[in-house]
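Small disclaimer: the values here were computed from a predicted structure and weren't measured. Residue numbering restarts at 1 for every chain, and letters A, B, ... go by the order of the sequence lines. The analysis underlying the following values was restricted to heavy atoms, covering all of them including side chains, and did not include hydrogens, waters or symmetry mates.
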2 protein chains.
Amino acid sequence: MPSATEQRIIDAAVRLFASQGYDATSVQEIVNAAGITKGALYHYFRSKDDLLFEIYRLLITAQSADMDRIIGLGLSAGETVREILASLVSSTAERVDETAVFVRELHRLGEERMTDFRAERRRYHETFLAVIEKGQADGEFSSQVPADTVVRIALGVVNQLPMWFRPDGPKTPGQLAGEIADFVLAGLR
Amino acid sequence: MPSATEQRIIDAAVRLFASQGYDATSVQEIVNAAGITKGALYHYFRSKDDLLFEIYRLLITAQSADMDRIIGLGLSAGETVREILASLVSSTAERVDETAVFVRELHRLGEERMTDFRAERRRYHETFLAVIEKGQADGEFSSQVPADTVVRIALGVVNQLPMWFRPDGPKTPGQLAGEIADFVLAGLR
DNA sequence: GCCACCCTACCGACCGGTCGGTATGCTCAC
DNA sequence: GTGAGCATACCGACCGGTCGGTAGGGTGGC
């Protein structure tokens, strides 16, 4: 469990990285925004890169846990797809800054961490894929469009969400999640 | 029309920006990759930012021209949507690096250029939106999912394309374009 | 024919400033 | 007293951009 100071560093970093980008944000700006000093930051994080990676880790961990929980419910393919999308859209809408940083700065991951990340994403991807393929095999979904393309489309929208979603916009995360799920499921009939 | 040297600068910059990010790429790296010197680069571009903006400009100009051309064909809503997606997916697949830079470094645009860009994107967005709304009004498309959400989904996939599309992958840009168009149109029935 | 003049294209050493990171030491809870 | 939790001062590397200069080709006056 992170200390209060650690949490403030992460919060400040996420906000700044999201609005300016990782490289354009100096460590000094982060510590100023967090109301601490460099000494404190380097007490908790080994490097600026480590701080970025910690943001990734928190996001990925939460998403994977959500996915596993939903799969565990044992719903039908259609209901599972709806639940996954609803949960993903909602959690992404609530953490737009984290997601924006994540999507934009992914390429900064070093070789080793990139490998780890790809493995985790692949697992996530294939879990989702399996749900759709099962739905297709059972005749619940149409097989007109390959399952992997459907997954790409569905996850693509979510990753792009930070580009246009605004918390003060006309639609609540819940509404949006419903509309997106409706559309994806309509495409699978 | 850009000179050969200018073109080499742009090509090198696109490649480096795509693989490392804008800030992480130094001007020196660009000129080394292009086989020229800093003097030459600053002879053609006023700043590193200008170079980035030129990359955006080329991409946006081409996309808008494609869209206008397709609208001008006077096809049905369904055929228009298919044509727009096919052309967008294909051109994006052919210029993954440009698109990756574009999506990732958008936030670096200054105030004025950002305003210009938003106006152009809005125009693009609303042209696409109008096609879908017309299809819905004519009864060619279902109105179950709001047209703006459909547009968001469709354009979202395209922007995410650089994240996973590989030219040496199993699917050609044409196949992919077809599958994506199929799925979007299936969701609109 | 030729030379003075100029212009575009380009070179590369250099500068002011910024940045990530470190070294050192204080302080206070246990 | 001792280690976790910080603050402060500072370092060296690097970066975007500048600037004085050059190479070479075109052009017009004679």
Side-chain angles (χ1 to χ4, degrees), chain A residues 1-57 101-102 104-114, chain B residues 1-57 101-102 104-114:
Chain A
M1 188 177 139
S3 75
T5 303
E6 206 172 341
Q7 192 60 53
R8 285 173 61 196
I9 296 173
I10 291 180
D11 289 347
V14 166
R15 206 165 349 106
L16 288 167
F17 289 167
S19 72
Q20 312 177 352
Y22 174 83
D23 283 302
T25 303
S26 69
V27 172
Q28 194 60 50
E29 282 181 280
I30 299 173
V31 301
N32 288 349
I36 53 149
T37 61
K38 273 218 247 185
L41 191 147
Y42 279 94
H43 176 72
Y44 287 105
F45 299 95
R46 301 208 353 251
S47 68
K48 191 187 174 189
D49 256 32
D50 268 40
L51 176 52
L52 179 62
F53 184 69
E54 181 63 15
I55 295 171
Y56 291 167
R57 211 185 51 79
V101 173
F102 180 72
R104 196 192 293 149
E105 315 284 355
L106 232 184
H107 62 109
R108 299 205 105 277
L109 248 51
E111 199 52 51
E112 193 187 345
R113 282 171 170 172
M114 185 59 101
Chain B
M1 189 178 139
S3 75
T5 302
E6 207 173 340
Q7 192 61 52
R8 284 172 61 196
I9 296 173
I10 291 180
D11 288 347
V14 165
R15 205 163 353 103
L16 288 167
F17 289 167
S19 74
Q20 311 177 353
Y22 174 82
D23 283 301
T25 303
S26 71
V27 172
Q28 195 59 52
E29 281 181 280
I30 299 172
V31 302
N32 288 349
I36 53 150
T37 60
K38 270 217 236 188
L41 191 147
Y42 280 94
H43 176 73
Y44 288 105
F45 299 94
R46 302 214 343 258
S47 67
K48 192 185 173 190
D49 256 32
D50 269 39
L51 176 54
L52 178 62
F53 185 68
E54 181 61 16
I55 296 171
Y56 291 168
R57 212 184 50 78
V101 173
F102 180 73
R104 197 192 293 147
E105 315 284 356
L106 232 184
H107 62 108
R108 299 206 102 277
L109 249 51
E111 200 53 51
E112 193 186 345
R113 282 170 170 174
M114 185 58 101

Using a cut-off of under 3.5 Å, enumerate the N/O to N/O pairs linking the protein to nucleotides 12-14 of chain C.
{"unit_1": "C/dG12", "atom_1": "O6", "unit_2": "B/G39", "atom_2": "N", "d": "3.4"}

Using side-chain heavy atoms (C-beta onward) and a distance below 4.5 Å, is A/I30 in contact with A/L51?
yes

Could you give the CD1-to-C1' distance, from A/I9 to D/dA7, as a whole number of Å?
13 Å

State, with a plain yes or no, whether a side-chain heavy atom of A/V31 is found less than 4.5 Å away from one of A/Y42.
no

Heavy atoms only: give me the nearest A/V101-A/V14 pair and the separation to one decimal.
CG2-O, 3.9 Å

Residue-phosphate contact under 4.0 Å: A/T5 side-chain N/O, D/dC6 OP1/OP2:
yes

Under 4.5 Å between any side-chain heavy atoms of A/R104 and A/F17, yes or no?
no

Does a side-chain N or O from A/Y44 land closer than 4.0 Å to OP1 or OP2 of D/dC6, or not?
yes

Rounded to whole Å, please give me the gap between OH in A/Y42 and P in D/dA9.
18 Å

Rounding to an integer number of Å, can you tell me how far A/L41 CG sits from C/dC19 P?
15 Å

Non-hydrogen atoms of B/E29 and B/A24 that approach each other most closely:
OE1-O, 3.5 Å

Check the interface with nucleotides 24-30 of chain C: list each N/O to N/O pair with the protein under 3.5 Å, or write none.
none

Exercise: do A/D49 and A/Y22 side chains pair donor with acceptor under 3.5 Å
yes

Smallest separation among heavy atoms of A/Y56 and A/L109, with atom names
CE1-CD1, 2.7 Å

Might you point out which heavy atoms bring A/I9 and A/A40 nearest each other, and give the distance in Å?
CD1-O, 4.4 Å

Is there a side-chain contact between A/E54 and A/E6 in this structure, where contact means two heavy atoms from C-beta onward sitting under 4.5 Å apart?
no

In whole angstroms, the gap separating C1' of D/dC15 from CD of B/E29 amounts to 11 Å

Should A/H43 be listed as having a side-chain N or O under 4.0 Å from OP1 or OP2 of D/dG5?
yes

Using a cut-off of strictly less than 4.0 Å between a heavy atom of the residue and any atom of DNA chain C, enumerate the qualifying residues of residues 46-53 of chain A by number.
A/S47, A/K48

A/R113 with A/D50: basic N within carboxylate O range, under 4.0 Å
yes

Tell me the closest heavy-atom pair linking B/M114 and B/L106, and the distance in Å.
CE-O, 3.6 Å

